[in-house]
There are 2 protein chains.
Amino acid sequence: MSKSGRPREFKDTTVIDAAMEVFWSQGYEACSTDDLCKETGLGRGSLYNAFGSKHELYEQALIRYHQVGIEAQLDILHNDAPVKERLRELLEWEIWKNSAAKDRGCLIINASAERGKSDPAVEKIFKQHLALLEQAIEDAIREGQSAGEISRERETSELAAMFLSCYYGLRVIYPGTMNRALARRIIDGTLAAML
Amino acid sequence: MSKSGRPREFKDTTVIDAAMEVFWSQGYEACSTDDLCKETGLGRGSLYNAFGSKHELYEQALIRYHQVGIEAQLDILHNDAPVKERLRELLEWEIWKNSAAKDRGCLIINASAERGKSDPAVEKIFKQHLALLEQAIEDAIREGQSAGEISRERETSELAAMFLSCYYGLRVIYPGTMNRALARRIIDGTLAAML
DNA sequence: ATAATTTTGTACTGTTTGTTACAAAATCGA
DNA sequence: TCGATTTTGTAACAAACAGTACAAAATTAT
């Protein structure tokens, strides 16, 4: 393993996190490589040497956002609280808790809306994120049905799909309006719909 | 009223429709004024003389999309079919019927995701569109409750909020994945949730 | 006809874009 | 200490950007 050469003056993950913030706040097209240099603290030389291009850095930022986010959401869904409380916590997570997210929405959803049709990397991450979430929600709901917390008369996969869609809708509607009362109604209405 | 001068060689609405297509397919930042000239058929002179700036044309396109879209959706909700069928039709509208929309999603949602935090015009239209839709959905659900089609035990506004969120979620998830089976589950699950 | 007015097409403006070139700086193995 | 190797900062790049200037063209009113 080669070891020579001048050592890097930064940690990759900190730079990716900083870049993530920029893409999250401005979107892909609206942010310039200058913005990225300023916010990451790197010069153009370092940035291009380490990441290759604006788009590759974008991909890394999306992947990191996906990984961190999925872990947090699965943690909530794998709680030991009653299933319905876990589901409520999930709905409330990005809205009240995660102050980084609440007014800018979900980076992956934003990315899909801005570039989903033309950027295969975005499409892939969006699908992956969604599929993992759907599976975990379905598992939780099945558990809730077994425990008698959630209606047994409706199909698990249908309940999961409905909940997932409400969740994604909320993550578009709340950042778009910042209407807390509406968000409250959505959350309560969604949970009530599980019986 | 003044009437002199060389007459315009285009109809405003046709140009706005063409511009709408461009913004819809590419997003605001990703499309150039050159793209707009090409797709509308106007030269730069005409375009800037008639619309002032890229952003003003964008606003007009959003407003037009909003008006046309709201009308179509309210038409569905004011049907004479049973309420549940109207709601199903609404959910299915952009997904199966409206071939212009199905793979690129809703322009207003996309605009909100791309520019909602930094563009007051986008924010305003998003809120307006959503509020009109929410009201119409709530009215329809109340009607359904009176007719005994929809559960009377749940609050109308909560049911409406839940439905609205499912609807918006679907309009993000389907274009992002093009997964028909999942869309089917979301639609069926959402309608089943109204009892 | 001609003056007034508006639209149209084209050439042009100064910036900003993403990316590259490259020399100086900092490390390692010899 | 001396190459070898990698990172860093700066300068530069052509292309693309949104917007403007302006003269030619097309109309109406007189």
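Worth saying up front: this structure is predicted, and the values here are computed from it rather than measured. Throughout, protein chains are lettered first and strands after them, A, B, ... in sequence-line order, and every chain is numbered starting at 1. Every heavy atom of this structure was used, including side-chain atoms; hydrogens, water molecules and symmetry mates were not.
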- Item | Backbone of E114(B) reached by a side-chain donor or acceptor of E29(A) within 3.5 Å | no
- Short side-chain N/O contact from T33(A) to OP1 or OP2 of dG18(C), under 4.0 Å: yes
- Value rounded to 0.5 Å, distance of CZ in F23(A) from CG in L107(A): 9.5 Å
- Message: By nearest atom, which of the nucleotides dT5(D), dC17(D), dT27(C) is closest to the P7(A) side chain?
- Response: dT27(C)
- Message: Counting the atoms with a prime plus P, OP1 and OP2 as sugar-phosphate, which does C31(B) contact under 4.0 Å by heavy atoms, base, sugar-phosphate, or nothing?
- Response: sugar-phosphate
- Query: Nearest of dT8(C), dA25(C), dG18(C) to any side-chain atom of R6(B)?
  - Reply: dT8(C)
- Nearest-Å distance for atom pair CD/P, residues E56(B) and dT20(D): 11 Å
- Output the single nucleotide from dG9(C), dG19(D), dT8(D) whose closest atom is nearest the side chain of S46(A). dT8(D)
- Kindly say if R8(B) contacts the phosphate of dT7(C), meaning a side-chain N or O under 4.0 Å from OP1 or OP2. yes
- Query: For K54(A) and dT20(C), what is the distance between atoms NZ and P respectively, to the nearest whole Å?
  - Reply: 15 Å
- Listed partners of D34(A) passing side-chain hydrogen bond (donor to acceptor under 3.5 Å, both in side chains), at least two apart: R44(A)
- Message: Distance check needed: dT17(C) P versus R44(A) CZ, whole Å only.
- Response: 9 Å
- Item | CZ on F10(A) to CD1 on I16(A), rounded to 0.5 Å | 9.5 Å
- Query: Which is true for F10(A) with a 4.0 Å heavy-atom rule: it touches a base, it touches only sugar-phosphate, or it touches nothing?
  - Reply: sugar-phosphate
- Using whole Å, report how far CD of E29(B) lies from C1' of dC17(D). 11 Å
- Pairwise 5' ranking along DNA chain D for L42(A) and Y48(B), keeping only the more 5' one: L42(A)
- Roughly, in whole Å, what's the span from CG in D34(A) to P in dC17(D)? 18 Å
- Query: Rounded to whole angstrom units, what separation is found between the CG atom of L47(A) and the P atom of dT17(C)?
  - Reply: 14 Å
- Nearest-Å distance for atom pair NE2/P, residues H55(B) and dC17(D): 18 Å
- Item | K38(A) NZ to dG18(C) P, straight-line distance once rounded to whole Å | 12 Å
- Message: Given dC28(C), dT8(C), dT19(C), identify the nucleotide with an atom nearest to the side chain of N49(B).
- Response: dT8(C)
- Between CD on residue E39(B) and SG on residue C31(B), distance to nearest 0.5 Å: 10.0 Å
